[in-house]
Amino acid sequence: MMASVDTAALVDWIHRFRDVIADKREWLTELDSAIGDADHGANMARGMDAVVAKLDTGVPDTVDELLKTVGMTLVSSVGGASGPLYGTLFLRMGMAAGPVTELDAAALAASLRAGLDGIVARGKAEAGDKTMFDAMAPAVDALDAAIAEGADLGAATAAAATAAAAGRDATEPLVARKGRASYLGERSAGHLDPGAASTTLLFETLAQAATESS
Ligand code: ADP
Ligand code: MG
């Protein structure tokens with residue numbers, strides 16, 4: 001049973017996220033073709049391939065430097081809204097984590113909360129706007145709640161992943177109020193938000209890394 005995620009477990013998370021993005025690339029593109037410009041799969045795949053390529057040249061020793069590297073690489077390699085938003089998530093996570101070599105459940109939750117706050121500061125999304133926020137905010141809330149109830153890292157991150165998926169599914173009937181999908185108005189209803197879908201993959205792979213990395 002892991003009590004914390006160290007830099008190796010975080011790198012494992014990043015690799016798992018890259019792999020599932022590659023697997024689900026067509027699905028993410030299909031979701032974005034319904035209410036956007038059909039590039040979310042390509043954007044995320046390009047960004048995560050660049051992140052993994054960067055980490056292949058060397059992994060920083062501390063959590064803050066690792067997450068900063070991930071964030072900077074996403075910002076610089078992804079055009080489109082999702083690059084700066086995911087980039088901000090990782091940059092703020094790193095700033096909150098500080099120069100440590102591992103995060104326990106509470107520190108991971110605080111780091112993700114800071115990342116979520118960064119996304120809100122940057123994109124101004126609120127609950128129900130049909131964005132990645134609608135998966136991420138319930139996930140971070142569920143993580144906090146599980147930890148407050150005494151759940152261990154594996155159970156807490158699993159609860160976060162379940163909450164993210166529910167948040168993703170709840171975006172389907174919504175009318176988009178932020179991002180490219182908002183240009184469609186009422187016609188954006190009836191489709192899952194692509195960013196909420198990729199965010200759910202982010203939390204599902206975090207739960208896997210938190211339970212399965214060695
Ligand atoms: P683009 O919209 O520039 O083509 P992507 O297709 O890669 O970029 O990403 C679209 C996703 O970005 C949306 O599905 C939504 O989840 C997210 N998004 C867009 N604008 C915002 C915002 N202001 N705040 C939070 N998330 C946003
Ligand atoms: Mg798009």
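Every number for a ligand or one of its atoms is a count from 1 in the order of the listing. The first residue in the sequence is number 1, and the count goes up from there.
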If we number the atoms of ligand 1 from 1 as shown, the ones under 4.0 Å from a heavy atom of Asn43 are 5 (P), 7 (O), 8 (O)
ask   = Does the side chain of Leu74 come within less than 4.5 Å of Met48's, by heavy atoms?
value = yes
Any side-chain heavy-atom pair of Leu174 and Asp134 under 4.5 Å:
yes
heavy-atom search around atom 5 (P) of ligand 1 in the protein gives His40 ND1, 3.5 Å
min-distance protein heavy atom vs atom 18 (N) of ligand 1 -> Leu85 CD1, 3.7 Å
Side chains of Thr62 and Asp64 only: does a donor on one sit below 3.5 Å from an acceptor on the other?
yes
- Examine Lys130 against ligand 1 and note whether any of their N/O atoms are separated by less than 3.5 Å. no
**OP:** Give a yes or no on whether a salt bridge exists between Arg122 and Asp117, defined as a side-chain N under 4.0 angstrom from a carboxylate O.
**Re:** no
Is there a side-chain contact between Leu55 and Leu66 (heavy atoms, below 4.5 Å)? yes
One finds that the ligand 1 atoms under 4.0 Å from a non-hydrogen atom of Gly123 are 22 (C), 23 (N), 24 (N)
Query raised in the report: Can you check whether Phe17 reaches Val70 side chain to side chain, under 4.5 Å on heavy atoms?
Result: no
Count of protein N, O or S atoms below 2.8 Å from the Mg ion (ligand 2) equals 3
Residue, atom and distance of the protein heavy atom nearest atom 20 (N) of ligand 1 read Gly179 CA, 3.5 Å
Exercise for review: Determine whether Thr69 and Phe90 make a side-chain contact, defined as any pair of heavy atoms from C-beta on separated by less than 4.5 Å.
Suggested key: no
Check your understanding: Polar-atom distance check: Ser82 versus ligand 1, any N or O pair below 3.5 Å?
Key -> yes
In this structure, CZ of Arg168 is separated from CZ of Phe203 (nearest 0.5 Å) by 13.0 Å
Can Ser188 and Tyr183 be counted as having a side-chain donor-acceptor contact under 3.5 angstrom?
no
If we number the atoms of ligand 1 from 1 as shown, the ones under 4.0 Å from a heavy atom of Asp37 are 4 (O)
If you scan protein heavy atoms around atom 8 (O) of ligand 1, the nearest is Ala81 N, 3.2 Å
Taken to the nearest 0.5 Å, the spacing of Leu28 CG from Asn43 CG works out to 10.5 Å
Honestly, for Asp32 the part within reach of ligand 1 (heavy atoms, under 4.0 Å) is side chain
Ligand 1 atoms nearer than 4.0 angstrom to some heavy atom of Ala125 are 24 (N), 25 (C)
State, without any angle test, whether Ser198 and His40 hold a side-chain donor-acceptor pair at a distance under 3.5 Å. yes
Practice problem: Would you mind checking if Asp144 and Arg113 are paired as a salt bridge, meaning a charged N to carboxylate O distance below 4.0 Å? | Solution: yes
* Would you check the N or O atoms of Phe133, main chain and side chain alike, for any that come under 3.5 Å of an N or O of ligand 1? => no
* **Close approach of Pro194 to ligand 1, heavy atoms, under 4.0 angstrom** => yes
**Message:** For a 4.5 angstrom cut-off between non-hydrogen side-chain atoms, does Val63 reach Leu10?
**Reply:** yes
shortest atom 2 (O) of ligand 1-to-protein heavy-atom contact is with Arg180 NE, 3.6 Å
Ligand 1 atoms nearer than 4.0 angstrom to some heavy atom of Asp39 are 4 (O), 5 (P), 6 (O)
### Message
I want to check something: taking the side chain as every heavy atom from C-beta on, are Asp49 and Arg18 in contact at a cut-off of under 4.5 Å?
### Response
yes
dist Thr171:OG1 -> Leu192:CG (nearest 0.5 Å) comes out at 5.0 Å
Looking only at protein heavy atoms, what sits closest to atom 13 (C) of ligand 1 is Asp193 OD1, 3.5 Å
Exercise. Taking N or O atoms only and a 3.5 Å limit, does Gly195 qualify as a polar contact for ligand 1?
Worked result: yes
If you scan protein heavy atoms around atom 12 (O) of ligand 1, the nearest is Met132 CE, 4.0 Å
